Amino acid sequence: MPDADALFEQAAAKLFQQDLPAARLLFRQAGELGRHDAAVIHCNLVAQSGDWQQGLALLRGLARTDRRCRAELDLIEAMDLTPAGDPVSV
């Protein structure tokens with residue numbers, strides 16, 4: 001079984017190749033094995049791919065132990081957004 005670092009490297013290569021589904025999966029796996037940076041990237045890719053609510057759930061989990069993620073979550077929660085993450089008004 002690959003370790004977190006190997007999975008991260010594979011994920012980065014897939015991201016470079018613009019294979020987002022594979023990159024997202026590999027970053028998730030690396031994050032589950034302890035690569036915090038991989039978990040943050042996975043969170044961003046999930047939210048960016050259109051699953052805003054799942055991305056927020058992941059960010060909330062990361063925000064429990066990561067001050068930077070907490071700050072990002074606080075900014076997002078201060079915004080007037082639709083459930084899809086779009087601004088209510090422009």
Side-chain angles (χ1 to χ4, degrees):
M1 177 171 171
D3 66 15
D5 293 335
L7 287 167
F8 186 92
E9 293 302 321
Q10 291 173 25
K14 292 295 183 183
L15 190 59
F16 181 77
Q17 297 165 1
Q18 298 183 4
D19 184 349
L20 296 181
R24 195 168 38 249
L25 174 65
L26 290 163
F27 279 124
R28 178 181 60 81
Q29 292 171 341
E32 289 171 349
L33 291 175
R35 278 288 300 247
H36 180 73
D37 53 350
V40 172
I41 294 168
H42 174 250
C43 171
N44 290 333
L45 290 174
V46 168
Q48 181 180 31
S49 71
D51 194 347
W52 179 252
Q53 292 301 315
Q54 179 61 26
L56 274 179
L58 292 168
L59 183 57
R60 283 187 184 102
L62 292 165
R64 286 194 287 266
T65 59
D66 182 312
R67 284 187 294 179
R68 187 174 192 182
C69 291
R70 177 79 249 165
E72 290 176 19
L73 182 61
D74 289 344
L75 286 172
I76 290 167
E77 289 179 338
M79 296 177 189
D80 193 14
L81 302 174
T82 68
D86 298 314
V88 170
S89 62
V90 179

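Sequential numbering from 1 along the given sequence is applied to the chain's residues. Quantities reported herein were computed from a predicted structural model and do not represent experimental measurements.
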| Is the shortest heavy-atom distance from the side chain of L33 to the side chain of F8 under 4.5 Å? | no
| query | Taking atom CD of Q18 as the centre, does the number of heavy atoms from other residues, nucleotides or ligands within less than 6.0 Å exceed 12? | reply | no
| said: For a quick test of reading the model, state the closest non-hydrogen atom pair linking A38 to G31 and the distance between them. | reply: CB-N, 3.7 Å
| field | L58 side chain near V40 side chain, heavy-atom distance below 4.5 Å | value | no
| query | Under a 4.5 Å cut-off applied to non-hydrogen side-chain atoms, are Q53 and P83 in contact? | reply | yes
| query | Which heavy-atom pair separates C43 from G55 by the least distance, and what is that distance? | reply | SG-O, 3.4 Å
| task | For S49 and R24, work out which heavy atoms get closest and say how close. | result | CB-NH1, 3.5 Å
| message | One thing to verify: whether D37 and R35 come together as a salt bridge, which I'm taking to mean a side-chain N less than 4.0 angstrom from a carboxylate O. | response | yes
| said: Just so I know, are the side chains of H36 and L62 near enough to count as touching, which here means a heavy-atom distance under 4.5 Å? | reply: yes
| task | Run the numbers on W52 and I76 for side-chain contact (heavy atoms from CB on, under 4.5 Å), then give the verdict. | result | CA-CA 11 Å; W52 179 252; I76 290 167; 3.8 Å; yes
| message | Is any side-chain heavy atom of L81 closer than 4.5 Å to one of V88? | response | no
| CG/L25 to CD/Q10 distance, rounded to the nearest 0.5 angstrom? | 10.0 Å
| request: Determine, step by step, whether L56 and L73 satisfy the side-chain contact (heavy atoms from CB on, under 4.5 Å) criterion, reporting the C-alpha distance in whole Å, the side-chain angles of both residues, the deciding distance to 0.1 Å, and the verdict. | output: CA-CA 8 Å; L56 274 179; L73 182 61; 4.2 Å; yes
| said: Quick check for you: to the nearest 0.5 Å, what is the distance between R70 atom CZ and R60 atom CZ? | reply: 8.5 Å
| query | How long is the gap from CD1 on I41 to CZ on R28, to the nearest 0.5 Å? | reply | 15.0 Å
| query | Atom CG in L59, atom CZ in R64: separation rounded to 0.5 Å? | reply | 10.5 Å
| query | Side chains of L45 and H42: closer than 4.5 Å at any heavy-atom pair? | reply | no
| message | Is there a continuous path of hydrophobic side-chain contacts, each under 4.5 Å between heavy atoms, that joins L20 to F27? | response | yes
